[in-house]
Number of protein chains: 2
Amino acid sequence: MNLKQLAKELNLSISAVSKALRDSHEISASTKLAVLAKAKELNYQVNPFASSLRKQKSKTIAVVVPEIDNIFFALAINGIESVAQEKEYHVLIYLTHEDAQKEVSVTQLLQNGRVDGIMMSLSSQTTDFSHIQQLKEKELPIVLFDRVAEHINVPKVTTDDYDSGESATEHLIEAGCKKIAFLSISNNLSISNKRKSGYIDSIKKNNLPNSKNLIIECSQDDEKNKLLIKNLLKKKNRPDGIFASVEKLALLCYEVCDELNLNIPADIKIIGFSNLHTAALLKPSLTTITQPAYEIGRESALLIFKLIEKRGNSIIPEKTVVASSLIKRGSTKK
Amino acid sequence: MNLKQLAKELNLSISAVSKALRDSHEISASTKLAVLAKAKELNYQVNPFASSLRKQKSKTIAVVVPEIDNIFFALAINGIESVAQEKEYHVLIYLTHEDAQKEVSVTQLLQNGRVDGIMMSLSSQTTDFSHIQQLKEKELPIVLFDRVAEHINVPKVTTDDYDSGESATEHLIEAGCKKIAFLSISNNLSISNKRKSGYIDSIKKNNLPNSKNLIIECSQDDEKNKLLIKNLLKKKNRPDGIFASVEKLALLCYEVCDELNLNIPADIKIIGFSNLHTAALLKPSLTTITQPAYEIGRESALLIFKLIEKRGNSIIPEKTVVASSLIKRGSTKK
DNA sequence: CTGAAAGCGCTTACAG
DNA sequence: CTGAAAGCGCTTACAG
C-alpha cells in the first residue's frame, strides 16, 4: 500500500493525498477527512526511506556508548529513549566496547545521513579526538555525555566530577581516614582527571601527608587490578580509606577485603562512584557518589534536539553540568 | 557528494560507478580500481535511504524490550549487537516499559519497512498476542526471546525454565528446606508459568505437604511486594526456603530478612533467577539460576538473520532452548 | 483547493 | 564492458 494506490482509491492525485496526510493548509477539511479515513482503513503507512530521501531528514538519532551492560549507560539510554519517544524519533545503538578504532569507524559510518544527530560517550581508549572534530565540521549535530573530551568545542553533558571527587574525599576524612588511596583508571577523558584533581586538592587542603602518592593506576584488566589492590591492602601500613573512581574497583575492594579478612568500615572505609542498584544491599552497604544517569541521558537528548531543530541563533550551552549525589552508607561509618 | 558528482569526476556514467562500487562482474577491474580510489578520495558514502528505497531492504533490525536498565536485557542486547555488527546491520531500540499498549504501537510502527526484522521480548502486561500474529501474517521476520508467548508459532528463544524451576526447588530441598515459598509474578507469558510448574511438580514429587499453597503472587509494585514478603516471614510457621522467580523479589527478601533479623541461610534459604553481577558480593552471596543472556541475544539474532536471508526451504526451528545454570552460593548453604 | 511534474539518490534490467 | 532509462515512494514548488 503506497500513495499511488491510496490516491487511486480516493480518486485524488498523489500530491493531494500526500498533502492531506501531512495536514497541509492547502487541502480542504472534507478531503482531509476522507483521506485520513481511507488511509486508516487500508492501513497506509508512509515509506520512511522515500520520505527521508526526499526531506533529507532521518527522524533518527544514534547513541554510541562503550558498553551497555553497565547500569550507568543503560540508564542514560533509558533517558535518551524517553525524549526520543516524545519527539517520535528512532534510536540507533552502537557499542564500541571501549575500542577507539571501533569508535572512529562508527563515527565515519554515521556521516552518510542515516541519523540527524549523534550522542556519544567516548571509549576510555580514545586518545585522538579528530573524529569528533570532523562531525563538528560536517555540521552533523553531536552531543558528548559523561565520557567527554574537554577541549573539543561541542556540547557536553557531564556531572560535577571535580566537586564530587573533593566531597568524596572530605567524607572519608570526616569519617576519620588519615591515609586515603585513590583507585584511578587513567585515560584521556576529563572525567577521570577531574575526579582525581578533586581528590588531590582535597588531600592537600586537609594536609594529609600520608595520602601523598597514593594514586593507584588501575587498568582494564580486573585480575591485575585485584592483585594490585590486594598488595596494597596486605601492607602493614595500608590505607584506612579507599576512594574508587569507578564502580568495579569498589567491588574489587570488597572481594579483596573478604579474602584478607579486613573489616569494612572498621579496618578500612570505602567510597566509590556507582549507579549500582544493589549498593545498599552489600554488606556493609556501599557509600556511593551516584550520577543521575537517566537525567544525563535526558539532558543530552534535549540538547541534541535543540541542535537538530536549531533555527537562527538559539544558544546551545557548551557545558551542561548536573550534580551527582553522595549517598552515605555503611562502608564509611565511623 | 553523491553518485552523480562522483561519476562526473570520473567521466563515467552513474550506473557504471554504482556497479563498480558494488563490485559488479559487469565492470572491468581497472574501472573498479579507479572508482574505488576516487570514492575514497572524495569520501563518498552511499545514501542509505536511496539505497533502501530502491532495494526494499533497510539493513536494520529492531529490538523491542520491556526495559533496558535490567542486566538481563542489557546483556541480551549486547549479544544481538555483536551479531548485527558482524552482519553490518543497524540496531534500533524500542522500550515498552512493560506497557502492552506501547508494545502494540511500536509493533505497528515497525510495519512500514523501516526494519528487516524484529526481535522482541514481551511486556509482562501483554495479554493479547494478535499484534505478533499480525507481523507473522505480514511476513515481517520476527523472533521472540525470553518473554515469549507460547502459542504463537513464531521462532522463540528461551531458557529451560521448567527444568530450572525444578532444579532450583530440588536444590532447596537438598539443602534441608521443608517449606518452600515460590514468589511468583503472574502474567500471560509462558516463562513465569514454566518456572512455577517446575516448582509445583518438584514439590509434589518430593512430597512436601507444607509447601502446598505457598505460591505468593507478587505485583509490579515493590512496596506491596515487600509488605507481602514481610508478612510471610513474620509468621511463626514461616517458610524455611524461598524461591524467587525474578531477581528483584530475591533482593526484597534480603531487605526483609535484614529488617526482621532473620539469618540467611540459617533461618531461611533463598534462591532466585538473576543475572546480577553482584550476586556473589551480597552477604551472604546469593544462589542464582542464571540465564545465559548474552547467548540468548546472539542466538535470537542469528535466527532473525536466517529468517531475513531465508531462501527456499531452509528450516527455522520454532523453539530454541538454551540452558540456564544453577550457581550455588551462600544463601542456600546447609 | 487540486494536480502535474520534478527530483531526492540510488539500483538494475536492458540495449548496445 | 559501459550507458541511458525507468522506477523505488515520497514531498513540494509551481501552475491553474
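Chain letters run A, B, ... following the sequence lines, proteins first, then strands; residues in each count from 1.
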Enquirer: Side chain to side chain donor-acceptor pair (under 3.5 Å) between His131(A) and Gln108(A): does it pass, once the steps are laid out?
Expert: CA-CA 8 Å; His131(A) 55 301; Gln108(A) 251 137 27; over 6 Å; no
Enquirer: Lys8(A) NZ to dT2(C) C1': how many Å, rounded?
Expert: 20 Å
Enquirer: Check the pair Arg114(A), Gln45(B) against side chain to side chain contact (heavy atoms under 4.5 Å, CB included), reporting the backbone distance first and the verdict last.
Expert: CA-CA 11 Å; Arg114(A) 188 179 291 276; Gln45(B) 289 184 280; over 6 Å; no
Enquirer: Let me know the distance between CG of Leu3(B) and P of dC8(C), rounded to the nearest Å.
Expert: 13 Å
Enquirer: Could you check whether Gln5(B) gets within reach of a base, just the sugar-phosphate, or nothing at all, counting any heavy atom under 4.0 Å?
Expert: nothing
Enquirer: For Ile71(B), which of Ile68(B), Leu75(B), Asp69(B) qualifies under side chain to side chain contact (heavy atoms under 4.5 Å, CB included)?
Expert: Leu75(B)
Enquirer: Considering only heavy atoms from C-beta outward, does the side chain of Thr31(B) approach that of Leu12(B) to under 4.5 Å?
Expert: yes
Enquirer: When you measure from every atom of DNA chain D, which of residues 12-30 of chain A have a heavy atom less than 4.0 Å away?
Expert: Ile14(A), Ser15(A), Ser18(A), Lys19(A), Arg22(A), Glu26(A)
Enquirer: Just the rounded figure in Å: distance from C1' of dC1(C) to CG of Leu10(A).
Expert: 16 Å
Enquirer: Just how far, in rounded Å, is P of dG9(C) from CG of Asn112(A)?
Expert: 13 Å
Enquirer: What is the distance, rounded to the nearest whole Å, between atom CG of Asn47(B) and atom P of dG9(D)?
Expert: 16 Å
Enquirer: Got a minute to check which stems DNA chain D is part of, using Watson-Crick or G-U wobble pairs under 3.5 Å, three or more consecutive?
Expert: C:1-3 with D:14-16, C:5-12 with D:5-12, C:14-16 with D:1-3
Enquirer: Taking atom CD of Glu41(B) as the centre, does the number of heavy atoms from other residues, nucleotides or ligands within less than 6.0 Å exceed 12?
Expert: yes
Enquirer: Within the pair Ser52(B) and dC10(C), is there a side-chain N or O less than 4.0 Å away from OP1 or OP2?
Expert: no
Enquirer: According to a strict under-4.0 Å criterion, is Ser51(A) in side-chain N/O contact with OP1 or OP2 of dG9(D)?
Expert: no
Enquirer: Using atom NZ of Lys4(B) as one end and atom P of dA5(D) as the other, report the distance to the nearest whole Å.
Expert: 14 Å
Enquirer: Do the side chain of Ser300(A) and the main chain of Val157(A) share a donor and acceptor less than 3.5 angstrom apart?
Expert: no
Enquirer: Determine, stepwise, if the pair Asp146(B) / Phe72(B) fulfils side chain to side chain contact (heavy atoms under 4.5 Å, CB included).
Expert: CA-CA 10 Å; Asp146(B) 193 53; Phe72(B) 174 82; 3.4 Å; yes
Enquirer: Could you check how far CD of Gln56(A) sits from C1' of dT12(D), rounded to whole Å?
Expert: 13 Å
Enquirer: Centroid separation under 6.0 Å, is that true for the rings of Phe129(B) and His151(B)?
Expert: no
Enquirer: Considering just the side-chain nitrogens and oxygens of Tyr44(A), establish if one lies under 4.0 Å of OP1 or OP2 belonging to dC10(D).
Expert: yes
Enquirer: More than 12 heavy atoms of other residues, nucleotides or ligands under 6.0 Å from CD of Glu88(A): is that the case?
Expert: no
Enquirer: With respect to the side chain of Lys55(A), which nucleotide from dT12(D), dC10(C), dC10(D) is positioned closest?
Expert: dT12(D)
Enquirer: Rounded to the Å, how far apart are Asn2(A) CG and dG7(D) C1'?
Expert: 12 Å
